[in-house]
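Structure, as structure tokens:
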Amino acid sequence: MNYWLVKSEPSTYSWDDLEKDKKTTWDGVRNFQARNNLKEMKKGDILLFYHSNEDKAIVGIAKVAREQFPDPKDKDWIAVEISPERKLKTPVTLAQAKADAKLANMVLVKSSRLSVQPVKKEEFDWIIKRSEG
DNA sequence: GCCAACGTTGGC
DNA sequence: GCCAACGTTGGC
């Protein structure tokens, strides 16, 4: 069981869109590091859903519904399917994560541009604790 | 809206 | 194979 974080601009595709759709194809990733992370994803892995730009916060938890398959728009790349698990009671903002010593090494904090990134279990647990006490 | 940081491309 | 130029992301 692995933990990941995926980013999306809410104006492009938000958590609410995902809840409405029940399932979505996570495609359009055009970065090698991000692609490698997509490849590693197994069905049932947990994803933190992050809103970039407007919110700059982790807003929900999703899971991998289908493991890697060719990106329908470009066969050289890959996609996965994800489905919503639950919304966080309170979003955990980037500012909070940055201010938190326990999350100082999180990829989100250190390398903010990577759109699909691994999350350590401790980091995941800590974020949930921050959000829901 | 600006710009820093980073990844990718392409000329040499 | 290096590195400058360019494009994109995303925080501010």
Side-chain angles (χ1 to χ4, degrees):
Chain A
M1 168 72 72
N2 288 306
Y3 299 88
W4 309 93
L5 181 145
V6 295
K7 291 199 219 178
S8 184
E9 290 190 38
S11 57
T12 306
Y13 193 87
S14 70
W15 172 261
D16 288 341
D17 293 329
L18 179 62
E19 277 196 339
K20 191 168 47 157
D21 292 347
K22 307 288 186 221
K23 184 190 278 190
T24 196
T25 301
W26 208 255
D27 61 7
V29 171
R30 297 290 181 272
N31 169 287
F32 292 108
Q33 243 182 302
R35 184 181 70 173
N36 288 342
N37 290 332
L38 279 183
K39 272 189 187 172
E40 294 292 316
M41 286 186 188
K42 298 291 176 212
K43 189 174 177 179
D45 278 2
I46 304 295
L47 305 162
L48 294 170
F49 196 94
Y50 177 82
H51 278 174
S52 61
N53 290 324
E54 284 103 300
D55 286 359
K56 278 164 282 176
I58 298 160
V59 293
I61 300 170
K63 67 179 177 187
V64 178
R66 184 181 168 196
E67 291 174 25
Q68 61 153 324
F69 58 95
D71 187 327
K73 298 195 188 83
D74 187 342
K75 297 293 188 289
D76 290 337
W77 295 88
I78 61 166
V80 297
E81 278 182 5
I82 69 171
S83 54
E85 194 73 2
R86 65 192 171 88
K87 192 173 185 167
L88 288 182
K89 278 183 195 154
T90 34
V92 176
T93 66
L94 179 63
Q96 278 177 274
K98 281 191 165 173
D100 202 317
K102 282 204 197 298
L103 300 177
N105 289 319
M106 224 185 138
V107 183
L108 182 67
V109 173
K110 295 184 80 175
S111 176
S112 58
R113 289 188 56 205
L114 186 60
S115 62
V116 179
Q117 40 182 272
V119 175
K120 295 196 193 81
K121 187 180 188 308
E122 307 88 78
E123 292 165 349
F124 178 84
D125 290 344
W126 186 248
I127 285 160
I128 299 306
K129 212 173 148 192
R130 292 267 98 165
S131 170
E132 307 183 344

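Chain identifiers are assigned alphabetically (A, B, ...) following the order of the sequence lines, protein sequences preceding nucleic acid strands; residue numbering begins at 1 within each chain. These numbers were taken from a predicted model, which means no experiment stands behind them. Hydrogens, waters and symmetry mates play no part in the numbers below; they use all other heavy atoms, side chains included.
- Dashed line: the shortest gap from a side-chain N or O of A:Lys98 to OP1 or OP2 of C:dC12 is under 4.0 Å.
- Among the heavy atoms of the strands lying under 4.0 Å from A:Gln33 are primed sugar atoms or P, OP1, OP2 only; no base atom is included.
- When rounded to the nearest whole Å, the span between CZ of A:Arg113 and C1' of B:dT8 equals 10 Å.
- Listed for the A:Glu81 side chain is no donor-acceptor partner under 3.5 Å among the backbone atoms of A:Lys23.
- The environment of NZ in A:Lys75 is crowded: more than 12 heavy-atom neighbours from other residues, nucleotides or ligands sit within 6.0 Å.
- Going from atom CG of A:Leu114 over to atom C1' of B:dT8 covers 15 Å, rounded to whole Å.
- Remark: P of B:dA4 and CG of A:Asn53 are 17 Å apart, rounded to the nearest angstrom.
- A donor-acceptor distance shorter than 3.5 angstrom exists from the side chain of A:Asp45 to the backbone of A:Asn2, with no hydrogens or angles considered.
- Protein atom CG of A:Asn31 is 10 Å distant from nucleotide atom P of C:dG10, rounded to whole Å.
- The distance between atom CH2 of A:Trp77 and atom C1' of B:dT8, rounded to the nearest whole Å, is 10 Å.
- Residues A:Trp77 and A:Phe32 bring their aromatic ring centres within 6.0 Å.
- At whole-Å resolution of the value, CG in A:Asn36 and C1' in B:dG7 are 14 Å apart.
- Protein atom NE2 of A:His51 is 12 Å distant from nucleotide atom P of C:dG11, rounded to whole Å.
- Following rounding to the nearest Å, A:Leu108 (CG) and B:dA5 (C1') show an atom-to-atom distance of 15 Å.
- The side chain of A:Tyr50 contributes an N or O atom lying less than 4.0 Å from OP1 or OP2 of C:dG11.
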